[in-house]
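Notes follow the structure.
Not measured: the values here are computed from a predicted model.
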Amino acid sequence: MNRVARITTIFISSILIGFAFNMFLLSHKVLSGGVSGIAMILGLLTSINSGTLIFLLNIPIFILGWMKLGKRFVTISLFSVAVTSISMGIIPIAKISEDPILSSIFGGVLVGIGTGLIFRAGGSTGGFDIVSMVLTQKKELPLGTLLFGMNAIVVFVSGFIFTWDLALYTMASIYVTGRVIDAIHTRHIKLTLMIITSNGDEVKEKLLSNLVRGITVLDGEGAYTKEKRRVLITVISRYELTRVKHMVAEVDPHSFINITQTIEVMGYFRRT
């Protein structure tokens, strides 16, 4: 994804999140999780716009992210939060549906789509997202599931402030959001590739020059044709699959690739 596509994706996704917050969640007093949920609680209890509060509450977290995740990541995340905050100030808080359950579900889906796309573009929506990104750097965990667990704490607090019905609607919305994020943000999924090719050395050099992945090379032979083949075995992230397939096809369009999902990787594996 080039720079223009990345910025455009983050911009549109951030507006989508602001739209979902105002038109589906806040209009029914259903909350998001994490810092956004805290900002929504304060916004409902005061006259301050929730979008403004989201931005202000994220400032100390951005400082943490600046130290742990780098300037580029935090700058992109700051842009995302700023766009969401501004859009929430522009988009009116109105009910698209009178049914709070439907609003919770569809609002959660839209927030999940927006958040997942922002993650794929290399940014975040701030708040607990940044904390989760720090944790997933240390250990491979499904990001959406991790966010759900962290955000549940905020939801229970909201149950004491508002009603437990609203807290349950919020839990449902956050669960849906987490599932959608995991469906889009698939970096934690690892794949094992077994590439059988007549151009083993060329394919190997192509992959090594474009990926930071180890490759095991074996000698093979076709059982029927008796022709010699090279078997290349490597483990990649789900994000890299399309790129790898294109590279292999460029060198040997007649290669055979077996792709299996990997349950666990033991030993060194660079998390890009």
Side-chain angles (χ1 to χ4, degrees), residues 9-55 57-58 80-121 123-129 132 143-145 147-159 161-185:
T9 298
I10 292 174
F11 180 77
I12 295 174
S13 299
S14 299
I15 294 176
L16 179 65
I17 292 173
F19 173 80
F21 281 169
N22 281 9
M23 304 296 284
F24 286 95
L25 302 184
L26 277 174
S27 58
H28 288 277
K29 294 186 177 180
V30 176
L31 308 176
S32 178
V35 172
S36 297
I38 296 173
M40 288 178 175
I41 292 174
L42 296 176
L44 291 171
L45 296 177
T46 66
S47 59
I48 304 175
N49 183 269
S50 296
T52 302
L53 291 169
I54 288 175
F55 186 83
L57 291 177
N58 270 288
S80 171
V81 173
V83 172
T84 299
S85 300
I86 293 172
S87 65
M88 290 180 68
I90 297 174
I91 299 172
I93 298 177
K95 296 179 180 179
I96 288 183
S97 170
E98 294 295 329
D99 190 327
I101 298 178
L102 290 177
S103 294
S104 300
I105 294 174
F106 282 100
V109 169
L110 293 180
V111 173
I113 292 173
T115 304
L117 290 175
I118 290 171
F119 284 153
R120 294 202 69 160
S124 80
T125 56
F128 283 174
D129 295 349
S132 296
L143 190 57
T145 303
L147 286 173
F148 176 76
M150 297 175 67
N151 291 334
I153 299 173
V154 177
V155 175
F156 283 115
V157 173
S158 72
I161 297 177
F162 298 110
T163 68
W164 286 106
D165 283 345
L166 292 177
L168 292 175
Y169 292 148
T170 299
M171 284 289 290
S173 179
I174 292 177
Y175 176 78
V176 172
T177 296
R179 297 295 292 181
V180 174
I181 290 174
D182 280 345
I184 297 175
H185 182 76

Could you check if a side-chain atom of Phe106 sits within less than 4.5 angstrom of a side-chain atom of Ser97, using non-hydrogen atoms only? no
Of all the heavy-atom pairs spanning [X] and [Y], show the shortest one and how long it is.
| X | Y | answer |
| --- | --- | --- |
| Ile54 | Ala39 | CG1-CB, 3.4 Å |
| Thr115 | Ile181 | CG2-CD1, 3.7 Å |
| Ser14 | Ser87 | O-OG, 4.0 Å |

Gap between atom [atom2] of [Y] and atom [atom1] of [X] - 0.5 Å precision:
| X | Y | atom1 | atom2 | answer |
| --- | --- | --- | --- | --- |
| Phe162 | Ile41 | CZ | CD1 | 6.0 Å |
| Arg120 | Ser13 | CZ | OG | 11.5 Å |
| Leu166 | Ile161 | CG | CD1 | 12.0 Å |
| Ile91 | Asn22 | CD1 | CG | 6.0 Å |
| Lys29 | Met40 | NZ | CE | 14.0 Å |
| Ile118 | Thr84 | CD1 | OG1 | 5.5 Å |

Measure from the side-chain N and O atoms of Thr177 to the backbone N and O of Val111, and report whether any donor-acceptor pair falls under 3.5 Å. no
Is it the case that the side chain of Ser173 and the backbone of Tyr169 share a donor-acceptor pair, with hydrogens and angles ignored and the cut-off at 3.5 Å? no
Parallel, tilted or perpendicular: rings of Phe24 and Phe19 (30°, 60°): perpendicular
